[in-house]
Peer 1: 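Pasting in a structure now, in structure tokens, and then I'll have a few things to ask.
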Amino acid sequence: MNDKRKKICSAYLKAREEFLDFGNSDDVLHGNDNIVGRIGEAIAHSFLEQQGRRPIVVKNQSNAGYDIICDGGKDFISVKMITAENKWGNTSQIKHKWTELIGIELGENQKVIKLGVISRNSFEGEQKKRGRRLEPNFSRAMLKPNGVFATGGKLYEGKELEGFKLL
């Protein structure tokens, strides 16, 4: 392995170790076994907090498909995030007992470029209308102007999203 490659690999692993050391003891960054997932949950937590919804990231991530509890246990939020690195355009399955879904797209500049919020009822209604599965994989297409978040929920992007200062 050449010196540049070794240096880049070592720097990445050191940054990952630092993230995990801090994240494992932090109330928001703990739990998820996927670092991108942890960052998505932190972004969603910040968004929900700014709306006064009192979010709490679930400590035991082997639950029934939600990541954050809001409003004193009234809402169960599932968070899905997709990054610019993902060339296929889809990620993990949306499943089980959530009441609200937050979808996040992280752009090449490591900034949140889209954030969608949709209730389970609206999501399932949109999926049925489109003849699609009720527990699909999360996809970038869901955050497009004609995607489920825009047609059945709320899609934030551009200036409206910038106001939240999420990442």
Side-chain angles (χ1 to χ4, degrees), residues 1-51 55-70 76-98 100-118 123 132-133 135-145 147-150 155-167:
M1 187 180 296
N2 70 35
D3 287 342
K4 175 71 173 176
R5 194 173 300 123
K6 284 180 190 176
K7 186 176 179 179
I8 294 291
C9 289
S10 292
Y12 171 77
L13 292 172
K14 185 171 267 186
R16 183 181 167 91
E17 180 182 35
E18 184 178 344
F19 180 94
L20 290 171
D21 284 348
F22 177 80
N24 288 338
S25 63
D26 182 72
D27 287 344
V28 175
L29 288 174
H30 71 276
N32 194 317
D33 63 349
N34 177 316
I35 289 178
V36 169
R38 289 185 190 204
I39 293 168
E41 290 167 13
I43 292 167
H45 184 277
S46 177
F47 173 80
L48 293 163
E49 195 171 52
Q50 290 177 58
Q51 294 184 322
I56 299 170
V57 175
V58 177
K59 288 206 184 293
N60 181 1
Q61 291 284 333
S62 61
N63 60 55
Y66 54 89
D67 307 295
I68 298 173
I69 298 172
C70 271
F76 301 91
I77 316 295
S78 179
V79 179
K80 298 295 180 184
M81 185 161 86
I82 193 160
T83 67
E85 292 174 2
N86 184 315
K87 301 303 179 201
W88 292 101
N90 62 52
T91 183
S92 60
Q93 187 179 14
I94 301 167
K95 57 184 179 176
H96 304 310
K97 301 175 182 173
W98 53 273
E100 195 172 319
L101 176 65
I102 294 180
I104 301 164
E105 183 175 356
L106 199 63
E108 288 185 13
N109 61 357
Q110 310 309 321
K111 297 288 182 196
V112 178
I113 58 173
K114 293 183 183 177
L115 186 144
V117 181
I118 191 168
F123 180 83
R132 298 205 177 122
R133 297 177 331 155
E135 293 188 350
N137 285 28
F138 176 68
S139 72
R140 189 176 284 116
M142 292 177 177
L143 293 167
K144 289 188 175 185
V148 295
F149 286 98
L155 183 63
Y156 297 86
E157 54 187 328
K159 294 285 183 201
E160 186 177 23
L161 183 60
E162 288 173 18
F164 291 102
K165 296 178 178 35
L166 296 171
L167 191 62

Peer 1: Heavy atoms only: give me the nearest V28-A42 pair and the separation to one decimal.
Peer 2: CG1-CA, 3.6 Å
Peer 1: Are E160 and L115 side-chain neighbours, meaning at least one heavy-atom pair lies under 4.5 Å?
Peer 2: no
Peer 1: Which donor-acceptor pairs under 3.5 Å do side chains of residues 100-111 form with protein atoms, sequence neighbours excluded?
Peer 2:
residue : atom : partner : partner atom : Å
E100    : OE1  : R53     : NH1          : 3.4
E100    : OE1  : R53     : NH2          : 3.0
E100    : OE2  : R53     : NH1          : 2.8
E105    : OE2  : R140    : NE           : 3.2
N109    : OD1  : K111    : N            : 3.1
Q110    : NE2  : E108    : O            : 3.4
K111    : NZ   : L167    : O            : 3.3

Peer 1: Can you tell me how far the CD atom of E157 sits from the CZ atom of F149, to the nearest 0.5 Å?
Peer 2: 12.5 Å
Peer 1: To the nearest 0.5 Å, what is the distance between NE2 (H96) and OH (Y66)?
Peer 2: 11.5 Å
Peer 1: Report yes if some heavy atom in the side chain of Y156 is under 4.5 Å from a heavy atom in the side chain of V117; otherwise report no.
Peer 2: yes
Peer 1: Report all side-chain donor-acceptor pairs from residues 76-83 shorter than 3.5 Å, counting only partners two or more places apart or in another chain.
Peer 2:
residue : atom : partner : partner atom : Å
S78     : OG   : G65     : O            : 3.3
K80     : NZ   : S92     : OG           : 3.0
K80     : NZ   : Q93     : O            : 2.9
T83     : OG1  : E85     : N            : 3.3

Peer 1: Measure from the side-chain N and O atoms of H45 to the backbone N and O of V57, and report whether any donor-acceptor pair falls under 3.5 Å.
Peer 2: no
Peer 1: How about R16: does its CZ atom have over 12 heavy atoms from other parts shown lying under 6.0 Å from it?
Peer 2: no
Peer 1: Check side chain to side chain contact (heavy atoms under 4.5 Å, CB included) between A150 and all other residues, then give those that pass, not counting sequence neighbours.
Peer 2: L155
Peer 1: Mind listing the closest non-hydrogen atom pair of Q50 and G163 along with its distance?
Peer 2: OE1-O, 4.3 Å
Peer 1: Using 0.5 Å steps for rounding, measure from the CD atom of Q51 to the OG atom of S46.
Peer 2: 10.0 Å
Peer 1: Taking atom CG of L29 and atom CG of L20, what is their separation to the nearest 0.5 Å?
Peer 2: 10.0 Å
Peer 1: Does the side chain of F138 reach to within under 4.5 Å of the side chain of L143, using non-hydrogen atoms?
Peer 2: yes
Peer 1: I'd like to know if K159 and E162 make a salt bridge, using a cut-off of under 4.0 Å between side-chain N and carboxylate O.
Peer 2: yes
